[in-house]
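Every chain is numbered from 1 and lettered A, B, ... according to where its sequence line falls, protein lines coming before strand lines.
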2 protein chains.
Amino acid sequence: MAKRVSHSESLCGVARPLDAIGDWWSLLIVRDAFDGLRRFGEFQKSLGLAKNILSARLRNLLAHGIMETVPAADGSPYQEYVLTEKGRGLFPLLVALRQWGEDFFFDPDEAHVLLVDKKNGLPVRRLELRAQDGRVVGAEDTMVQLPPALRSNATA
Amino acid sequence: MAKRVSHSESLCGVARPLDAIGDWWSLLIVRDAFDGLRRFGEFQKSLGLAKNILSARLRNLLAHGIMETVPAADGSPYQEYVLTEKGRGLFPLLVALRQWGEDFFFDPDEAHVLLVDKKNGLPVRRLELRAQDGRVVGAEDTMVQLPPALRSNATA
DNA sequence: CGCTTGAGGTTTTAATTTGCAACCGATATA
DNA sequence: TATATCGGTTGCAAATTAAAACCTCAAGCG
């Protein structure tokens, strides 16, 4: 955290998010939250990280509005950590990460968990980026365009 | 790097990729590579990071097969760094990160770079996850399914 | 030739982060 | 009253990160 820049100013659309979730653990916490985990102890058991680190990461996620605490759920006197809308917005990113991992980090025959459609248990499709006209586009079909204001400098 | 586990074993499909690109800089380097940067000095100038860190990150990206060095391009005696197929596979992830950043890290009226279709200059669509039947699905419509082999333990 | 310059790093060193372990406070539980 | 469990915080040693200085090689040039 707090890598080089004080806050969000002058960071591009890729770098700003990284300031919030750009470490190993944060995304795993978010993933566990998507899987329904809510309690401090649940995250700790699932991830096996030190409590002070989990504490710091949760604080950071709260500070960035990615998770929030809710008073209780089952009457216990403790609070729980749940994703905000901003946090739930990370779903496509997690899917992209998972699909990339499946593509390149597993042997072809190696067993791994599958993301499936709840309705029928079938695996989901691949994430696809489409242009306005519906074409599936890759990196080579796209470019980044600076906003009219600040033409020309880099990594705005 | 080398966070807690020696190598890839027993890491889920989300954690394994994070072992390779789970730090602030690596993804930014990859993004710059998508933007056409190839030389050590180009990356350093663009990202403004210390040379030893860039060196370490590039080495790591090479070790993970995300980038590779090619002997030259313009006759200079130095090597260049280009994305492998595995590295190019990160495109959807970068798009997901960018779109999330645009959604939640910019004021509605704040200018930011746009990812556009090269053919016509129009912005690309949003990334969408679809089920086999074509339905757009969100987190709440999906679940992770363990492979038949190892039913029941967590985070396999 | 001898000097400088720039690319592409490595080494040194200091600051930051990490993670283990111990502790703490509050609530249950025996 | 003991004791255990949850949800943390605090110390402290070890590892990681980063800034700056240094090194090497090749080219340019006077």
**Request:** List the steps and the verdict of side-chain contact (heavy atoms from CB on, under 4.5 Å) for A/L114 and A/V124.
**Result:** CA-CA 9 Å; A/L114 234 51; A/V124 298; over 6 Å; no
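- In this structure, CG of A/L58 is placed 8 Å from P of D/dG8, rounded to the nearest angstrom.
- Using cut-offs of 30° and 60° for the angle between ring planes, the B/H64 and A/F105 rings count as tilted.
- Contact between the side-chain N/O atoms of B/Q79 and the OP1/OP2 oxygens of C/dG9 is found at a separation under 4.0 Å.
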Dump every N/O contact between nucleotides 10-13 of chain C and the protein below 3.5 Å, one line per pair.
from   : atom 1 : to    : atom 2 : distance (Å)
C/dT10 : OP2    : B/S55 : OG     : 2.7
C/dT10 : OP2    : B/R59 : NH1    : 3.1

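- At least one donor-acceptor pair under 3.5 Å links the side chain of B/E42 to the backbone N or O of B/R39.
- Proximity of B/R39 to the phosphate of C/dG8: a side-chain N or O atom is located under 4.0 Å from OP1 or OP2.
- Each of B/A50 and A/Y81 has a nearest nucleotide on DNA chain D; the 5'-most of these lies closest to A/Y81.
- The distance between atom CD of B/E42 and atom C1' of C/dG6, rounded to the nearest whole Å, is 15 Å.
- Note: CD1 (B/I29) to C1' (D/dT17) measures 14 Å, nearest angstrom.
- Between the CG atom of A/L54 and the P atom of D/dG7 there is a distance of 10 Å, rounded to whole Å.
- Residue B/Y78 places its side chain closer to D/dC25 than to any other of D/dC25, C/dG19, D/dG7.
- Rounded to whole angstrom, the span from the CG atom of B/D23 across to the C1' atom of D/dA18 amounts to 13 Å.
- When heavy atoms are screened at a 4.0 angstrom cut-off, B/F43 is found touching no nucleic acid atom at all.
- Look at CG on B/L47: it is 14 Å from C1' on D/dA18, rounded to the nearest Å.
- The aromatic rings of B/H112 and B/F106 are tilted relative to each other, their planes meeting at an angle between 30° and 60°.
- Summarising the geometry, the separation between CG on B/L62 and P on C/dG8 is reported as 14 Å, rounded to the nearest angstrom.
- Ring geometry for B/F43 against B/Y81 counts as perpendicular: the plane angle is over 60°, on a 0 to 90° scale with 30° as the lower cut.
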**Request:** Go through the steps to decide whether B/D117 and A/R135 satisfy the test salt bridge (charged side-chain N to carboxylate O under 4.0 Å, His left out), and finish with yes or no.
**Result:** CA-CA 10 Å; B/D117 186 351; A/R135 270 166 35 248; 2.9 Å; yes
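- Look at B/W25 and you won't find any side-chain N or O under 4.0 angstrom from OP1 or OP2 of D/dT17.
- Spacing between atom NZ of A/K45 and atom P of D/dG7 amounts to 12 Å, rounded to whole angstrom units.
- The pair A/R126-A/D103 counts as a salt bridge, with a side-chain nitrogen and a carboxylate oxygen less than 4.0 angstrom apart.
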